[in-house]
Amino acid sequence: MALDIKICGLKTDAAVAAALSGGASHIGFIFFPKSPRHITPGEAARLRQAADGRAKAVAVTVDADDATLDEIVAVMAPDMLQLHGKETAERLTAVKQRYGLPVIKALAIREAADLAAIAPYRGHADRFLFDAKPPAGSELPGGNGVSFDWRVLAGLDAGLDYMLSGGLNAANVGDALKLANPPAIDISSGVESAPGVKDVALIENFFRAVRAATDNRAA
């Protein structure tokens, strides 16, 4: 199975082009004013056009209300929604029914016991995203550049569809793939020169590292 790769928090044409050229299966746009990666629905709509037929465009929100999601869906027309807050399983189902879009549910992980949070969302989320728990004092649920012990994911059901996120970069993605063998990975701050500033060279380096790691796995 091919590895899905999501480059998240995109804000510029150059970053989108680099993500698509590298082979991203998903590109993510963040709608959360506290984030340095925050973008307007109109700008995301313009940028996501480059991905048509090439990658799925994901709208990332944090405990967004219906009015906020209505605007994002109407203006940007995402392929998927990612809910990165404290949304309940019932909220996921309501969102899916309202928009007819698949939903990724992000969960914060630090240790094996945190995987118990998966259970209530089974049958509601189309895919999970496992991110590291944010450091103390952070107002951001993701994009903090911290990771968790990827080995805790080794015991997950083989059929569980998820993205591994949190602190990935070109230097450690090979270890992440070896230890967790995830079906998909997600990166944001690991390809930035400053918070919210995507670096084309870092994006290219990341894809090279992923290719090298996947080639080694196949050898």
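The two atoms that bring P36 and P195 nearest to each other are CB-O, 3.8 Å, heavy atoms only. Listed here is the closest heavy atom pair of G174 and A213: CA-CB, 3.8 Å. Residues A59 and I72 come closest through the heavy atom pair CB-CG2, 3.7 Å.
Between atom CG of residue D131 and atom CG of residue L107 there is a gap of 10.0 Å, rounded to the nearest 0.5 Å. One distance of note links CG of D126 with CG of L101; it measures 9.5 Å at 0.5 Å rounding. T68 OG1 to F31 CZ: the interatomic distance, rounded to the nearest 0.5 Å, is 10.5 Å.
Looking only at side-chain heavy atoms (C-beta outward), V191 and L168 stay at 4.5 Å or farther from each other. Between D63 and K86, some side-chain heavy-atom pair lies under the 4.5 Å cut-off. The shortest side-chain heavy-atom distance between T214 and L3 falls under the 4.5 Å cut-off. Between K198 and S188 there is a side-chain heavy-atom pair separated by less than 4.5 Å. N169 has its side chain out of reach of V173: every pair of non-hydrogen atoms, C-beta onward, lies at least 4.5 Å apart.
Residue pairs meeting the ring-ring contact (aromatic ring centres under 6.0 Å, His included) criterion with at least one member in residues 156-203, sequence neighbours excluded: F130-Y162. Within the structure, every pair that satisfies the salt bridge (charged side-chain N to carboxylate O under 4.0 Å, His left out) test and touches residues 9-20, not counting sequence neighbours, is listed here: D13-R46. For residues 155-170, the pairs satisfying salt bridge (charged side-chain N to carboxylate O under 4.0 Å, His left out) are R122-D157, R127-D161, with sequence neighbours left out.
Partner of M76 under the side-chain contact (heavy atoms from CB on, under 4.5 Å) criterion, out of E71, R48, E43: R48 alone. Of the residues listed (I187, D186, L179, L153), the one engaging L164 in a side-chain contact (heavy atoms from CB on, under 4.5 Å) is L153, and it is the only one.
Hydrophobic clustering, with ILVMFWY side chains joined whenever heavy atoms are under 4.5 angstrom apart, groups L160 together with L83. By the criterion of side-chain heavy atoms lying less than 4.5 angstrom apart, applied directly or through intervening Ile, Leu, Val, Met, Phe, Trp or Tyr residues, V75 is not grouped with V73; the two fall into different hydrophobic clusters. Grouping the Ile, Leu, Val, Met, Phe, Trp and Tyr side chains by contacts below 4.5 angstrom, directly or via other members, places V62 with M80.
Geometric assessment of K105 against the ring of Y121 yields a positive cation-pi assignment under the 6.0 Å and 45° thresholds.
Q82 and K6 form a side-chain donor-acceptor contact under 3.5 Å, judged by distance and modelled atom types alone.
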